[in-house]
Amino acid sequence: MKVPFTKMQGAGNDFVLIDNRSLGLQLTAEQAIRICDRFRGVGAAGILLWEANSSGRADWAWTFLQSDGDTADMCGNGARCFGRFVHQCLGHNAPFTFETGAGVVAVAAAPNDEISIALPEPKDMLWNDTISLSTSTSTTVHFANTGVPHAVFFVPDVREIDVVVLGREVRNHAHYAPRGTNVNFVQVLGLNSLAIRSYERGVELETLACGTGVAAAVLIAARTHNFTSPVRVQVESGDCLEISFEDDGSNFSDVRLIGPAEIAFTGELEI
Ligand SMILES: N[C@H](CCC[C@H](N)C(=O)O)C(=O)O
């Protein structure tokens, strides 16, 4: 079966998008791994399937498969790419909602040809937690689930971090078992300005950007470094992502991720 796809990237986090509204495609883990393979397939961090929503809670739904073949509840950069893809296919830029494993996400066109998404309400936030690592027995770590789980470490210089080695240790740490966590190393550049490098579960490597990780880092910084909305975050690709939010001092709401989402190329998969 020939399946048309669009390869997209948002701040360097890349995805294969498929309009599955009428195809009835159900990809196996092996197929997803093959498609995402950078040598044998298209190459991507994940696959996003655009589907009809059956719950009545949103306009559309997606299925999100990562490059290891597993599913994940949410993806911030993927959601912006999904927004651009749906806009492109429908031929207009009207706001819409879609259902993810983490709840309903709202998409809107933003200035400068960017896309804005409203993330699910953050949960399980924990700051100034400690974890013992091979490099130090008591390291301060913060945590937030912004659709998917994120550990956050503040470091003096993100360039000095071995993201793959340290990220993998934390991702597989007993502290976050059994589901594991994404891991973010964050440098404060100034008030309301961060640089970040992220190790992603499901890709099992550093990626060039992680949108939900950026959101987690910003919300933690609001509590630990008095950050206020909006916050600009420099990601590993060199792009900048923006997070805006409402904060009543104890709860966050209306958390939005704004940034680029671009089509790289289109093609046909043989499935
Ligand atoms: N790249 C994503 C996160 C994917 C989620 C995933 N890596 C996991 O939690 O397993 C983002 O932009 O938010």
Side-chain angles (χ1 to χ4, degrees), residues 7-17 29 32-33 36 43-49 62-85 98 100-103 105-107 114-124 143-152 163-164 167-168 170-173 176-186 194 196-220 231 233-237 239-243 245 255-262:
K7 173 75 192 287
M8 299 188 68
Q9 60 90 16
N13 204 191
D14 60 341
F15 305 93
V16 168
L17 284 98
I33 291 167
C36 290
I47 303 171
L48 305 171
L49 298 155
W62 79 3
T63 293
F64 170 35
L65 292 157
Q66 301 209 78
S67 58
D68 69 351
D70 209 354
T71 57
D73 286 339
M74 181 48 196
C75 177
N77 293 320
R80 290 199 321 281
C81 291
F82 186 78
R84 168 80 73 225
F85 180 67
F98 70 101
T100 72
V105 170
V107 176
E114 293 198 316
I115 301 274
S116 160
I117 60 156
L119 292 167
E121 295 282 297
K123 56 181 193 182
D124 307 331
F143 184 86
N145 186 318
T146 46
V148 287
H150 286 282
V152 173
V163 174
V164 173
R168 193 165 286 158
V170 176
R171 184 258 185 265
N172 294 305
H173 201 285
Y176 299 108
R179 295 299 317 267
T181 184
N182 300 285
V183 188
N184 305 274
F185 301 95
V186 182
L194 297 173
I196 191 168
R197 293 178 67 186
S198 303
Y199 177 94
E200 280 196 53
R201 181 183 74 165
V203 180
E204 305 309 337
L205 281 173
E206 179 177 17
T207 56
L208 294 182
C210 178
T212 49
V214 164
V218 167
L219 300 182
I220 294 291
V231 175
V233 184
Q234 233 174 68
V235 298
E236 190 57 11
S237 61
D239 285 310
C240 248
L241 294 175
E242 185 179 299
I243 299 289
F245 55 93
V255 181
R256 282 167 197 274
L257 166 68
I258 301 133
E262 288 164 12

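Small disclaimer: the values here were computed from a predicted structure and weren't measured. Excluded from the calculations below are hydrogen atoms, water molecules and symmetry mates; all remaining heavy atoms, backbone and side chain alike, are included. Both counts, for ligands and for their atoms, begin at 1 and track the order of listing.
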Looking only at side-chain N and O atoms, does Y176 offer a donor or acceptor that is under 3.5 Å from a partner on R171? no
Please name the pair of heavy atoms, one in I33 and one in G69, separated by the smallest distance, quoted to 0.1 Å. CG1-N, 3.7 Å
Given V231 and F245, is the side chain to side chain contact (heavy atoms under 4.5 Å, CB included) satisfied, shown in steps? CA-CA 9 Å; V231 175; F245 55 93; 4.1 Å; yes
Nearest 0.5 Å, what's the CG-OG1 distance between N77 and T207? 7.5 Å
Those residues at least two apart in sequence (or on a different chain) that pass side chain to side chain contact (heavy atoms under 4.5 Å, CB included) with S67 are C36, V203
One line per pair, note the atom names and distance for all nitrogen or oxygen contacts under 3.5 Å between ligand 1 and the protein.
unit_1: ligand 1; atom_1: 1 (N); unit_2: N13; atom_2: OD1; d: 2.8
unit_1: ligand 1; atom_1: 1 (N); unit_2: E200; atom_2: OE1; d: 2.8
unit_1: ligand 1; atom_1: 1 (N); unit_2: E200; atom_2: OE2; d: 3.0
unit_1: ligand 1; atom_1: 7 (N); unit_2: Q66; atom_2: OE1; d: 3.0
unit_1: ligand 1; atom_1: 7 (N); unit_2: N182; atom_2: OD1; d: 3.0
unit_1: ligand 1; atom_1: 7 (N); unit_2: E200; atom_2: OE1; d: 2.9
unit_1: ligand 1; atom_1: 7 (N); unit_2: R201; atom_2: O; d: 2.8
unit_1: ligand 1; atom_1: 9 (O); unit_2: N182; atom_2: ND2; d: 2.7
unit_1: ligand 1; atom_1: 9 (O); unit_2: R201; atom_2: NE; d: 3.4
unit_1: ligand 1; atom_1: 9 (O); unit_2: R201; atom_2: NH2; d: 3.0
unit_1: ligand 1; atom_1: 10 (O); unit_2: Q66; atom_2: NE2; d: 2.7
unit_1: ligand 1; atom_1: 10 (O); unit_2: R201; atom_2: O; d: 3.3
unit_1: ligand 1; atom_1: 10 (O); unit_2: R201; atom_2: NE; d: 2.7
unit_1: ligand 1; atom_1: 10 (O); unit_2: R201; atom_2: NH2; d: 3.3
unit_1: ligand 1; atom_1: 12 (O); unit_2: N13; atom_2: OD1; d: 3.4
unit_1: ligand 1; atom_1: 12 (O); unit_2: G76; atom_2: N; d: 3.3
unit_1: ligand 1; atom_1: 12 (O); unit_2: N77; atom_2: N; d: 3.0
unit_1: ligand 1; atom_1: 12 (O); unit_2: N77; atom_2: ND2; d: 3.2
unit_1: ligand 1; atom_1: 12 (O); unit_2: G211; atom_2: N; d: 2.7
unit_1: ligand 1; atom_1: 13 (O); unit_2: G76; atom_2: N; d: 2.7
unit_1: ligand 1; atom_1: 13 (O); unit_2: G211; atom_2: N; d: 3.4
unit_1: ligand 1; atom_1: 13 (O); unit_2: T212; atom_2: N; d: 2.8
unit_1: ligand 1; atom_1: 13 (O); unit_2: T212; atom_2: OG1; d: 2.6

Is a side-chain donor or acceptor of H150 paired with a backbone partner of G213 at a separation under 3.5 angstrom? yes
